[in-house]
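Just below is one structure, and these are the notes that go with it.
Below, chains carry the letters A, B, ... as their sequence lines are ordered, and counting in each starts from 1.
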Amino acid sequence: MRTSWADLATNSAPENAGASNTTAPLRPVYVPPHLRNRGASASASTESSSAPRPLNVSTDNNARSRWGAPRNGWGNRSGGWDRREVNPFGDQEDAAEEGAAAFGEEQGNTGINFDAYEDIPVETSGENVPPPVNTFAEIDLGEALNQNIRRCKYVKPTPVQRHGIPISLGGRDLMACAQTGSGKTAAFCFPIISGIMRSQGQPLQRPPRGVRTVYPLALVLSPTRELSVQIHEEARKFSYQTGVRVVVAYGGAPINQQLRELERGVDILVATPGRLVDLLERARVSLQMIKYLALDEADRMLDMGFEPQIRKIVEQMDMPPPGARQTMLFSATFPKEIQSLASDFLSNYVFLAVGRVGSITDLIVQRVEYVQESDKRSHLMDLLHAQRENGVQGKQALTLVFVETKKGADALEHWLCRNSFPATTIHGDRTQQERELALRSFKTGNTPILVATDVAARGLDIPHVAHVVNFELPNDIDDYVHRIGRTGRAGKKGLATAFFNDNNASLARPLADLMQEANQEVPEWLSRYAARSTFGGGRNRRNGGSRFGGRDFRREGSFSRGGSDYYSTGKNSGGYGTSGGYGGGYGPGVTSAWD
DNA sequence: AAAAAAC
């Protein structure tokens, strides 16, 4: 096992004081940006790679000095690998993957139907709602951030950005009903980054905590590890050369490396709830400096049983209360559980609901085929063979196959491999390493078939997925929407094939409705199935298609609806398919603006 | 019913 200064710094706290050769009280406390504002004081050192150095001596004059320079007489503990800030745009292998389309050959944004943006229904409510903007230029985000926006090739803000960013920049709390793929990440990242940059120079209340505790200024919670990783990658692009540091922490991965990253400084912490609770209990992270809190996919997190952890993090640790921080709550839907979360976590919030952008586009051709359980494998094989013959198989044509169970995923993967279709799988029984390897291998086209459970259904942005196969359909139409949303991205066309049989009876109606609304060809047999289906009601039923995930319940004092699931309560107007042009809303160059 | 998530 390798022993480095970083390890020493990580594993031994008290002797840090001894290691210091300054008189400053050596607080292994992260120095927030506003203490780093006045150019680095002398911080160069003679670099000796292995020997422990004084903690407050930085080794890199450039990027590093933004982070490590001691200020106001108390040092930081920036031991360890003094890496320069890696250019998240320059990383050809990984970071470039999702940005690749944006930075590659496809220059110019021809074919983007910006007008489609205007068709997307948006609803806001609350007191004194800050007005939306139409361009990024209208928002004063600062030059560094603007440059990153240009690097990302974001041309025009998406609806959730147009409305949400001014709200957040205006200092207001935000309850946003928006789907994955609506541009949420940028919507909450831009105000956070901009706010942190702005706060530089403010007086610091010195955190009175003990050793090795870090004090992020912003916290972003998300339900799955991969989603956290993805948000982190996005946020790093947005914060490149802004002096704002983003760190991600999630379970299943060695904690020491994450601790080391944290100790190098953290302004924005992106985390899954479990690992964060762990870090909080170890007192390695304190939330008392939190100025911004963003909860992504909140309904998902509640579905997954995270409410206790989330309430613990937000209410029972040392996070400043609502009003003393700025909170952004994102959720695809607005059931009463989320409403109560909103009223507990938010202060005089603005409610924002954005139509189901990006989820269903006419770029996705949806097919449903009646396949008995026993025929599914051979049927899948037929599809894959056909794809291969058409020369679609390969790096540019990835196939994502969804199944319901982890076991089923393993079994199918195994079977595919045995039949000479290189496949891998991602699900919760695999180690995090395996999961990330699988994702990478899929993205690069090494194994162009990925068998997945719903862990991969939401939020993940995998470019070049040409075909989503619902080998087993989900019970919830929303999950279906999210699954097929893994294709038809980046302005490319996508195909979604579903294997339907009697086991999916409860989905017949909502699926038929959904497809109809999306101007898809609904097979005759499915319509008949839907018509005689007794399972049409309940949660899966879309009430003619909700344009929003929810509505600001505060406006409707008389709201009673049986007090039940406030699920899809849009008006009886067309939902998904309304414009049919959502897909056109983003083109090759601006794809990830929607994620 | 299954999936996800800390050690």
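Side-chain N/O atoms of A:Lys407 include none lying less than 4.0 angstrom from OP1 or OP2 on B:dA2. A sub-4.0 Å separation between OP1 or OP2 of B:dA5 and a side-chain N or O of A:Arg435 is present. A close approach under 4.0 Å does not occur between any side-chain nitrogen or oxygen of A:Thr224 and OP1 or OP2 of B:dA5. Dashed line: the shortest gap from a side-chain N or O of A:Thr272 to OP1 or OP2 of B:dA4 is not under 4.0 Å.
Other residues, nucleotides and ligands place no more than 12 heavy atoms under 6.0 Å from the CD atom of A:Gln433.
Taken to the nearest 0.5 Å, the CZ atom of A:Phe188 stands 9.5 Å off from the CD atom of A:Glu234. To the nearest 0.5 Å, atoms CG (A:Leu221) and CG (A:Leu219) are separated by 4.5 Å.
The interatomic distance linking A:Glu226 (CD) with B:dA3 (C1') rounds to 13 Å, in whole Å. Rounding to whole angstrom units, CG of residue A:Asn504 and C1' of B:dA1 are separated by 14 Å. Distance, A:Leu507 CG to B:dA1 P: 18 Å, rounded to whole Å. Atom CZ of A:Arg483 and atom P of B:dA2 are 14 Å apart (whole Å). Rounded to whole Å, atom P of B:dA5 lies 9 Å from atom NZ of A:Lys406. When rounded to the nearest whole Å, the span between CE of A:Met304 and C1' of B:dA5 equals 6 Å.
Taking the side chain of A:Asn475 as heavy atoms from C-beta on, and the options B:dA6, B:dA1, B:dA3, the nearest nucleotide is B:dA1. Which of B:dA3, B:dA6, B:dA5 sits closest to the side chain of A:Phe306 comes down to B:dA5.
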### Query
Does the pair A:Glu436 and A:Arg225 meet the rule for a salt bridge (Lys or Arg N to Asp or Glu O under 4.0 Å), with working shown?
CA-CA 10 Å; A:Glu436 283 168 24; A:Arg225 297 164 180 174; over 6 Å; no
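Here A:Gly305 lies out of heavy-atom contact (under 4.0 Å) with every strand. Using a 4.0 Å heavy-atom cutoff across all strands shown, A:Arg225 reaches sugar-phosphate atoms only and no base atom. Among the protein residues, A:Val455 comes within range of the sugar-phosphate backbone only, with heavy atoms under 4.0 Å from sugar or phosphate atoms but none that close to a base. Counting non-hydrogen atoms under 4.0 angstrom, A:Gln309 reaches nothing in the nucleic acid.
Between A:Tyr370 and A:Phe500, the ring-plane angle classifies as tilted under the 30° and 60° cut-offs.
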